[in-house]
Amino acid sequence: MLSYLPLLWTLTVGASIFQADPPFPVGLQEGPVKSRQYYEARGEIVWEVPMERKLVALTFDDGPDPRQTPEILELLKQYEAKGTFFVMGKKVTANPELLKRESDEGHEIANHTYNHLYFNANVSSQKLGDEIDATSDAIMKVNGSRPHLFRPPGGFYNERMIKMAKEKGYLVILWSWHQDTKDWRSPGVSYIVRKVLNNVRGGDIILFHDSVEGSGRSQTVEALKIILPELKERGYKFVTVSQLIQNTKTIPAKK
C-alpha cells in the first residue's frame with residue numbers, strides 16, 4: 001500500500017463539496033450511484049486535498065504530444081513548477097523522449113490508459129486491465145519505474161474500475177470540480193485563465209491537457225503564460241499530486 005494512503009482517510013466526509021454530484025453519463029454507472037462523499041471517506045478517489053497551505057497540483061492529460069508538451073515543460077521550468085502528467089500508453093510508445101524528459105525534470109508520471117479507453121458497462125475488466133498494464137509497461141520501459149496514480153479518461157468510474165485500480169496498486173485521481181478548465185474544447189484563453197484564477201484555493205488539483213486536437217496555438221500554453229506567474233505572485237507553489245497528498249492538512253469543508 002502506498003505510504004501516503006493513510007492520509008486520505010483523514011479527509012472529512014464530503015470535504016470540499018461545492019456542488020451536487022454531477023450526473024453520470026448514460027451507461028457508465030453500474031448499480032446504485034454512490035456519492036463523492038462515499039469515495040472520499042474510503043480514500044478510494046481523490047478530487048482535491050483541502051489545506052491551508054498555498055499548494056496546488058497542475059495535471060496534464062492525454063500526452064505526451066510532440067507539439068504542445070515541450071512548450072508546457074518549458075513554462076513549468078521557467079516558473080519552478082512541477083506537474084503530474086497522466087499519459088496515454090500509445091503516445092509514450094510514440095514519443096519516449098518526451099516521457100523521459102518529463103521524468104528527468106522532476107515531474108510525476110501517471111496512467112491514463114493506452115488508448116484513452118472510456119470505461120463503461122460494455123468494456124470488460126480484462127480490456128481495462130490490459131489498457132492499464134500496457135501503459136505501465138510503456139512507462140517502465142522508458143524511465144524504469146511504474147506509476148501508482150490512475151485517472152480514468154473522461155473521469156468515468158464505477159465500483160468495478162475502482163476495485164481493479166486498487167488491486168493493481170493505483171490510487172484514482174480526478175480533479176477539483178471548480179478547476180476543470182475544459183481546455184480540450186478550446187474554450188478561449190481568457191476562459192481557461194478565469195476558471196483557474198477566480199477559483200483557486202489550497203489543495204486544488206487543476207485539470208489541463210497537453211494534447212489538444214486542432215490547429216493553431218495551444219490555448220492551454222497561452223493560458224499557462226498568464227496563470228503561472230500570477231499564481232506565483234499570489235504565493236502559490238506548484239507540486240505533484242503525490243506531493244500534494246503528502247503535505248495535506250485538512251480543513252473543514254466550506255458551506
Side-chain angles (χ1 to χ4, degrees), residues 2 55-117 131-153 169-171 173 175 179 181 183-184 186 189 192 196 204-229 231-232 236-247:
L2 301 175
L55 301 177
V56 295
L58 308 175
T59 68
F60 302 90
D61 288 9
D62 297 355
D65 179 274
R67 295 178 300 116
Q68 297 165 39
T69 302
E71 291 187 279
I72 289 172
L73 288 172
E74 286 301 317
L75 286 168
L76 295 179
K77 181 187 296 185
Q78 180 180 349
Y79 292 102
E80 302 175 297
K82 299 304 178 186
T84 300
F85 289 84
F86 289 86
V87 300
M88 293 169 55
K90 70 178 183 180
K91 292 188 178 180
V92 171
T93 300
N95 305 287
E97 73 287 350
L98 289 177
L99 190 286
K100 186 176 188 303
R101 179 180 172 185
E102 290 170 353
S103 296
D104 289 348
E105 294 183 3
H107 304 293
E108 185 166 32
I109 308 300
N111 196 316
H112 199 47
T113 75
Y114 198 85
N115 293 295
H116 206 264
L117 179 73
E131 286 266 333
I132 293 173
D133 291 344
T135 302
S136 178
D137 290 345
I139 294 169
M140 178 72 177
K141 185 176 181 180
V142 175
N143 68 9
S145 62
R146 295 191 182 276
H148 57 264
L149 303 180
F150 173 66
R151 175 175 284 166
Y170 287 94
L171 176 62
I173 304 295
W175 55 85
Q179 290 292 4
T181 64
D183 60 339
W184 60 274
S186 297
V189 173
I192 298 169
V196 175
D204 279 354
I205 297 176
I206 304 173
L207 175 62
F208 295 107
H209 293 75
D210 64 320
S211 181
V212 177
E213 299 297 328
S215 59
R217 295 286 297 170
S218 164
Q219 293 182 3
T220 304
V221 170
E222 296 306 307
L224 285 169
K225 291 177 181 179
I226 301 170
I227 291 168
L228 290 172
L231 288 184
K232 189 171 183 179
Y236 281 91
K237 293 185 178 180
F238 312 102
V239 298
T240 67
V241 170
S242 290
Q243 290 170 338
L244 191 71
I245 293 171
Q246 290 165 350
N247 281 279

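Values below: every heavy atom of this structure, side chains too, minus hydrogens, waters and symmetry copies.
Separating the OG atom in S136 from the CD atom in E131 is a distance of 13.0 Å, to the nearest 0.5 Å. Between T84 atom OG1 and Q243 atom CD the span is 8.0 Å, to the nearest 0.5 Å. With rounding to the nearest 0.5 Å, the separation of CG in L58 from OG1 in T240 is 10.5 Å. Rounding to the nearest 0.5 angstrom, the gap separating the CH2 atom in W184 from the NE2 atom in H209 is 8.0 Å. L73 contributes atom CG, which lies 5.5 Å from atom CD of E102 (distance to the nearest 0.5 angstrom). Between Q68 atom CD and D62 atom CG the span is 10.0 Å, to the nearest 0.5 Å.
A heavy-atom distance below 4.5 Å is found between the side chains of P64 and V87. Within the 4.5 Å cutoff, no side-chain heavy atoms of F150 are placed close to those of L171. Counting only heavy atoms from C-beta outward, the side chains of Y114 and D133 never approach each other to under 4.5 Å. L231 is not listed as a side-chain neighbour of Y79, based on a closest heavy-atom distance of 4.5 Å or more. The shortest side-chain heavy-atom distance between R101 and P70 falls under the 4.5 Å cut-off. D61 has its side chain out of reach of D210: every pair of non-hydrogen atoms, C-beta onward, lies at least 4.5 Å apart. Contact check for F60 versus I72: side-chain heavy atoms found under the 4.5 Å cut-off. Contact annotation: the side chain of L99 approaches that of N143 to within less than 4.5 Å [non-hydrogen atoms, C-beta and beyond].
For D183 (side chain) and T220 (main-chain N/O), no donor-acceptor pair under 3.5 Å exists by modelled atom type. Judged purely by atom type and a 3.5 angstrom limit, D204 has no side-chain atom pairing as donor or acceptor with the backbone of I206. Here the side chain of Q179 pairs a donor or acceptor atom with the backbone of V196 at under 3.5 angstrom. Side-chain atoms of N115 do not come within 3.5 Å of backbone N or O of L117 as any donor-acceptor pair. Under a 3.5 Å cut-off, the side chain of T135 and the backbone N or O of N111 do not form any donor-acceptor pair. Judged by distance alone, with hydrogens and angles left aside, the side-chain atoms of K82 form no donor-acceptor pair with the main-chain N or O of A57 at under 3.5 Å. Side chain of E108 to main chain of G83: no donor-acceptor pair is present (N/O by atom type, distance under 3.5 Å, no hydrogens or angles).
Note: H112 and F86 have perpendicular aromatic rings, judged against thresholds of 30 and 60 degrees for the angle between ring planes. Ring pair H107/F85 is perpendicular by interplanar angle, where above 60° counts as perpendicular and below 30° as parallel.
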Verdict with supporting geometry, Q78 and L75, side-chain contact (heavy atoms from CB on, under 4.5 Å): CA-CA 5 Å; Q78 180 180 349; L75 286 168; 3.9 Å; yes
Derivation of the side-chain contact (heavy atoms from CB on, under 4.5 Å) call for R67 and S218: CA-CA 9 Å; R67 295 178 300 116; S218 164; over 6 Å; no
Pair R151-T59, side-chain hydrogen bond (donor to acceptor under 3.5 Å, both in side chains): steps then yes or no: CA-CA 10 Å; R151 175 175 284 166; T59 68; 3.0 Å; yes
Stepwise side-chain contact (heavy atoms from CB on, under 4.5 Å) check, Y170 with L149: CA-CA 5 Å; Y170 287 94; L149 303 180; 5.6 Å; no
Stepwise side-chain contact (heavy atoms from CB on, under 4.5 Å) test for V92 and I109: CA-CA 11 Å; V92 171; I109 308 300; over 6 Å; no
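Applying the side-chain hydrogen bond (donor to acceptor under 3.5 Å, both in side chains) criterion to S186, with sequence neighbours excluded, gives no partner residue. Scored by the salt bridge (charged side-chain N to carboxylate O under 4.0 Å, His left out) test, K237 finds no partners at all (sequence neighbours excluded).
Residue P147 comes nearest to A110 through the heavy atom pair CB-CA, 3.9 Å, listed as atom of the first residue, atom of the second, then distance. When all heavy atoms are compared, the tightest approach of L224 to P229 is O-CD, 3.8 Å. The minimum heavy-atom distance linking S242 with H148 is given by the pair OG-NE2, 3.1 Å. In plain terms, the two heavy atoms of T181 and F208 that are nearest each other are CG2-CE2, 3.8 Å.
Within a 6.0 Å sphere centred on NZ of K232, heavy atoms belonging to other residues, nucleotides or ligands number more than 12.
With salt bridges taken as basic N to acidic carboxylate O contacts below 4.0 Å, none links K100 and E97.
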